[in-house]
Every structure is written in C-alpha cells, then in structure tokens.
There are 2 protein chains.
Amino acid sequence: MTRSPVLPSAPLPPPGDAERPIVTVDIVLLTILDGRLQAGLTQREREPAAGAWTLPGGWVHTDEDQDADDAAVRILRDKAGLESPYLEQLRTFSGKHRDSRGWSLSIAYYAMVPGHICERDNLRFRWAPIDAARSLPFDHAEILRTAVERVRSKTLYSSLPVHLMPETFTLSQLQLTYEHLLEMALDKRSFRRRIEELNVIEEIDGAFTTGAGHRPAQLYRRRPHAARLATSSSNLPVA
Amino acid sequence: MTRSPVLPSAPLPPPGDAERPIVTVDIVLLTILDGRLQAGLTQREREPAAGAWTLPGGWVHTDEDQDADDAAVRILRDKAGLESPYLEQLRTFSGKHRDSRGWSLSIAYYAMVPGHICERDNLRFRWAPIDAARSLPFDHAEILRTAVERVRSKTLYSSLPVHLMPETFTLSQLQLTYEHLLEMALDKRSFRRRIEELNVIEEIDGAFTTGAGHRPAQLYRRRPHAARLATSSSNLPVA
DNA sequence: CAAATAGTGTCTTTAAGACACTATAGT
DNA sequence: ACTATAGTGTCTTAAAGACACTATTTG
C-alpha cells in the first residue's frame with residue numbers, strides 16, 4: 001500500500017485544551033436493604049444541581065489516579081467510606097448535552113456491597129430504592145437503569161450477587177438475595193445445583209447458624225479468588 | 001442527614017485544562033476473510049509510532065461529534081470508508097502510561113462488516129489476521145484481545161455474527177461464519193434450531209442459490225429491526 | 001446416475017424444573 | 001410433639017447434541 005495522495009481528515013496535533021471533554025467517573029453503588037435493591041446516592045455540594053442527590057462521582061485526577069479504576073476506588077472511599085467493594089466498569093456515557101458545563105464524558109462503574117455498610121454519618125450519603133431514583137439529574141437515571149439491567153442479566157447466569165453478601169452467609173440467604181434482585185421466586189433445588197456448579201463459594205467447616213427455631217444451616221464464604229475489581233470478561237458463561 | 005463538618009476530598013472547580021485527560025476513540029473493526037477472523041488496521045501518519053499499523057482511532061471532536069458513538073462513526077468513515085457498519089461500545093481503556101503524550105483515555109468500540117468491503121485503496125488501510133496483530137503499539141493489542149473475547153462469547157448465545165454476512169446469505173454460509181469465529185465445528189441441526197429461535201433473519205421468498213453442483217439453498221436476509229448501532233443490552237439472552 | 005451440498009426426522013443425552021420427602025434445631 | 005426452615009431424592013419436562021436419512025441440483 002502506498003502513501004495516500006489525499007490525507008483523510010485525520011487528527012492533527014492534540015486538540016487545544018479548551019476543546020478537551022470534561023472527564024468524570026460515576027458509580028452505581030448497589031446493595032440489598034429491606035428486601036429491595038437500593039442505590040447509594042450523595043448530595044451535590046455545588047452547581048450545577050447543588051443540593052441534589054446524585055450517583056457518587058468526581059473528576060478524574062490525572063496527577064494521582066493511575067487509571068479510571070483507580071479514580072473509581074478513590075471516589076467510593078471519599079464519598080461512601082468504602083474500602084474494597086466489588087467494582088466493575090459499566091460503560092462510558094458521553095455527549096454535548098449531558099452536562100451544562102459542556103461536552104462531557106463519564107466512565108460509569110457499578111459497585112456492590114453487603115447491606116448495612118456505609119454507616120459513616122458525617123458523609124452526605126444515603127440509600128434509595130432504585131425505583132425511587134428515577135429522576136436523578138444529568139443522565140444519572142439512565143446510568144442507573146443501565147447498571148441495574150446489567151446486574152440483573154448477569155444474575156441469571158453468574159455468581160455476581162455473592163458480592164452483596166456479608167463475610168459468611170447461608171444458601172437460603174443467598175437465594176433470597178437472588179430473588180430480591182430478580183424480583184421472582186426461584187426453585188431451591190435448581191438454585192443450589194447452579195451455585196454449586198459455579199464453584200465460587202465454599203462451606204465453612206463445622207460452622208452453622210444457631211438460635212433460630214429450626215434446623216441450623218451450613219455457613220458459606222466466597223472463595224478467595226473472587227476478585228473485588230473485575231474486568232468485563234470474568235463472569236461470562238463458560239464456553 | 002446534616003451537613004458534613006469536614007468536606008471529603010471532593011472536586012473543586014473543574015481541573016485546569018492542562019490536567020484534563022487526552023480523549024480518543026479506537027475501533028476494533030472485524031471481518032471474516034480467507035476463513036479467518038481479521039482486524040482492520042490503519043497506518044499512523046505522525047509520532048508517536050509514525051508508520052506503525054494500529055487500530056483505527058482519533059480524537060473526539062467536541063465541536064462536531066454529538067457523542068462518542070458519533071466520533072466512532074466519523075472515524076470509520078474517514079479511515080476505512082465505511083458508511084453504516086454494525087458498531088457497539090466495548091469499554092474504556094485509560095491510564096497514565098498507555099500513551100507517551102500523557103494521561104489518556106480511549107473509548108473502545110468494536111465494529112463488524114461483511115468481508116470484501118473497504119476496498120478503497122487511497123486509504124492507508126489493511127486487514128490482518130487477529131493472530132498476526134498481537135504486537136500493536138500502545139495498548140491496542142489488549143483492546144483487540146478484549147474485543148475478540150467479547151465477540152466470541154456473544155457468538156455463543158446471540159446472533160451477533162449475522163452482521164458479518166452480506167445482504168443475502170445461506171444458512172450454511174452463516175454456520176461457516178460462526179465456525180470461523182469460534183474455531184470449532186457446530187452441529188447443523190442444533191445450529192439451525194438456535195438461529196430460528198433467535199428470530200433475526202428471514203427467508204427471501206423464492207430466492208435460492210443457483211449454479212452450484214448440488215441442491216440449491218434458501219437465501220436469507222437480516223430482519224430490518226437489527227440495528228447497526230447497538231447499546232450493550234440489546235443482544236442479551238432473554239430473561 | 002454420481003457427486004455434492006441442502007435440509008429434515010428422530011433417538012439419545014443432559015440440564016432444568018417441580019415437588020415431595022427427610023433432617024434437626026427451638027419451644 | 002409441633003413448627004419452621006435446611007437440605008436431599010427423584011420424577012417430569014425441555015433443550016441440546018448426534019447422526020442417519022431424504023431432497024435437489026449440475027455434469
């Protein structure tokens with residue numbers, strides 16, 4: 001192939017800084033609370049939309065963040081007091097009109113934590129049932145909807161919801177979590193078969209629930225290899 | 001919840017332009033050629049890596065692109081002469097070290113076209129078998145690997161590969177395309193059952209292949225609703 | 001009619017769902 | 001002994017795979 005006689009409308013030097021998009025990271029933080037899927041929201045401190053509750057987010061700090069994953073971890077630490085939640089990139093939302101300050105771009109993530117975490121009350125933070133969060137500012141409602149859709153569809157064939165569980169849990173508790181996520185009842189036998197095949201949790205030898213008025217249940221924990229920061233390929237059905 | 005006495009390390013005004021990341025779009029353009037999965041590459045015109053073959057990409061033009069999808073469409077038009085290929089966002093790659101010019105961010109897409117398209121030879125463009133493209137500059141090899149992985153895994157449960165087919169095609173040709181993608185043989189009966197259930201292609205009434213030394217084959221086409229620009233949720237298994 | 005590929009019938013194997021049954025704690 | 005939930009056995013149903021068989025063209 002020879003040199004092109006006419007150059008395609010190819011990039012010349014990097015665009016002037018003024019034309020560079022605004023780059024942020026936004027996070028859909030999910031948990032199960034009161035038997036419902038809830039999203040973590042923070043209250044904005046300044047314009048635009050000062051005072052409004054939004055998805056936790058922030059600028060990418062090119063001086064301190066190695067990459068966008070890093071920025072997401074930092075933001076969750078600062079805004080929700082979380083140390084190592086399960087975190088995975090969702091997708092990037094961009095455009096001229098999604099933010100009044102100009103052409104902007106948000107690398108969106110979703111994160112999952114067990115219920116009853118995030119109780120630092122010096123934070124402007126609260127949980128909201130996902131149905132009550134339909135009217136978030138910017139395009140945050142769309143980001144939330146996309147994340148919930150992604151999490152629900154992964155729930156159908158993967159072990160993603162184990163990241164909503166506490167350190168130790170029973171199979172019945174895990175099944176309840178799946179049922180709250182999917183908003184449908186699951187068959188106990190099929191559920192247990194599926195989870196066992198996925199091979200992501202393990203029995204804790206000799207550890208059982210006590211004190212309930214019925215037969216004690218085996219306690220389980222996540223297998224250690226279940227990473228907290230996932231690449232998008234890690235929970236696919238096996239080929 | 002009351003106002004926080006100590007502000008979290010929250011964003012102050014937007015970072016100065018100099019600290020904004022460099023934002024590009026890169027595209028993994030795929031086709032089947034010579035019975036193998038191949039990627040479309042363009043030759044870089046300037047530093048860094050001038051002369052090297054890379055994934056087609058370019059700056060986001062905040063003045064003319066409505067959003068990142070728009071930028072991807074423009075880049076494919078300019079660099080590969082394509083008008084409406086199937087296009088879907090893959091994920092965003094970012095970091096301090098992926099480009100020598102500084103903290104950069106690439107919104108990666110994958111695109112799929114029928115073979116024997118893109119034959120404008122005033123373009124610095126060529127096809128390369130994906131195995132021969134392991135040593136692309138920047139992190140383009142990783143982006144390519146991620147895209148191929150995504151496409152292969154979607155092939156297992158979706159109709160994605162119909163976008164690699166020409167206007168009209170036979171079921172045997174479609175099966176061959178799946179087999180080239182997955183690098184495995186598929187059972188004819190199961191394949192036809194699956195495709196029929198997906199409901200994405202339709203018989204062309206009375207149109208058959210001719211001239212081959214054997215029984216003619218029914219010709220098919222994509223059903224019109226099969227969008228060329230997909231959101232990530234559109235090809236999921238049904239709930 | 002021989003060769004080659006298109007397309008179908010149907011049996012086998014595997015996975016998913018339904019659902020009853022047994023197990024074991026607390027009261 | 002009764003209740004409530006944990007956990008298992010097993011039959012039924014649906015999906016996937018294997019593979020032989022029929023169909024229809026060209027030469």
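Note that the structure is a prediction, hence the values are computed from the model and not measured. To find a chain, count down the sequence lines: A is the first, B the second, and so on, and within it residues start at 1. Below, all heavy atoms of this structure are taken into account, side chains as well, without hydrogens, waters or symmetry copies.
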Item to check | Any donor-acceptor N/O pair under 3.5 Å between D:dG9 base and A:Arg189 side chain | outcome: yes
Item to check | Spacing of A:Leu156 atom CG relative to C:dG17 atom C1', expressed in whole Å | outcome: 15 Å
Item to check | Separation of D:dT22 P from B:Arg192 CZ (nearest whole Å) | outcome: 18 Å
Next on the checklist: Under 4.0 Å, counting only non-hydrogen atoms across every strand here, what does B:Arg193 touch: a base, just sugar-phosphate, or nothing?
Outcome noted: base
Checklist entry - Is a side-chain donor or acceptor of A:Arg44 paired with a backbone partner of A:Thr54 at a separation under 3.5 angstrom? => result no
Checklist outcome for this item: Here the distance between atom P of D:dG17 and atom CG of B:Leu186, to the nearest Å, is 9 Å
Item to check | Between D:dG7 (C1') and A:Phe208 (CZ): distance, integer Å | outcome: 11 Å
Checklist entry - Taking everything shown except B:Asp131 itself, do over 12 heavy atoms lie less than 6.0 Å from its CG? => result yes
Item to check | Protein-nucleotide distance (B:Tyr157, atom OH; C:dA15, atom C1'), rounded to Å | outcome: 20 Å
Checklist entry - Which listed nucleotide (D:dT5, C:dT8, C:dA16) is nearest to the side chain of B:Lys188? => result C:dT8
Checklist entry - Can you tell me how far P of C:dT5 sits from CG of B:Leu176, to the nearest Å? => result 11 Å
Next on the checklist: Could you tell me how far apart A:His214 (NE2) and C:dT27 (P) are, to the nearest whole angstrom?
Outcome noted: 11 Å
Checklist entry - Of all the choices, C:dT24, D:dG7, C:dC19, which nucleotide is nearest to the side chain of A:Asp187 once you look at every atom? => result C:dC19
Checklist entry - Within this structure, what is the CD1-to-P distance between A:Ile195 and C:dA15, rounded to whole angstrom? => result 17 Å
Next on the checklist: By the definition side-chain contact (heavy atoms from CB on, under 4.5 Å), identify the one residue from A:Leu55, A:Leu160, A:Asp26, A:Ile143 that meets it with A:Tyr110.
Outcome noted: A:Leu160
Next on the checklist: Would you say B:Ser172 places a side-chain N or O within less than 4.0 Å of OP1 or OP2 belonging to C:dT5?
Outcome noted: no
Next on the checklist: Using heavy-atom distances to pick each residue's nearest nucleotide on DNA chain C, tell me which of B:Arg215 and A:Arg194 is more 5'.
Outcome noted: B:Arg215
Indicate every side-chain donor-acceptor pair of residues 176-191 of chain A with a distance under 3.5 Å to a residue at least two apart or in another chain.
unit_1, atom_1, unit_2, atom_2, d
A:Thr177, OG1, A:Gln173, O, 3.2
A:Tyr178, OH, A:Ser158, O, 2.9
A:Glu179, OE2, A:Gln175, NE2, 3.2
A:Glu179, OE2, A:Leu186, N, 2.9
A:His180, ND1, A:Leu176, O, 3.3
A:Asp187, OD2, A:Arg189, N, 3.1
A:Asp187, OD2, A:Ser190, N, 3.1
A:Asp187, OD2, A:Ser190, OG, 3.2

Checklist entry - When rounded to the nearest 0.5 angstrom, what is the spacing between CG in B:Asp69 and CD in B:Gln89? => result 7.0 Å
Next on the checklist: Heavy atoms only, 4.0 Å cut-off, all strands: where does B:Ser190 land among base, sugar-phosphate and nothing?
Outcome noted: base
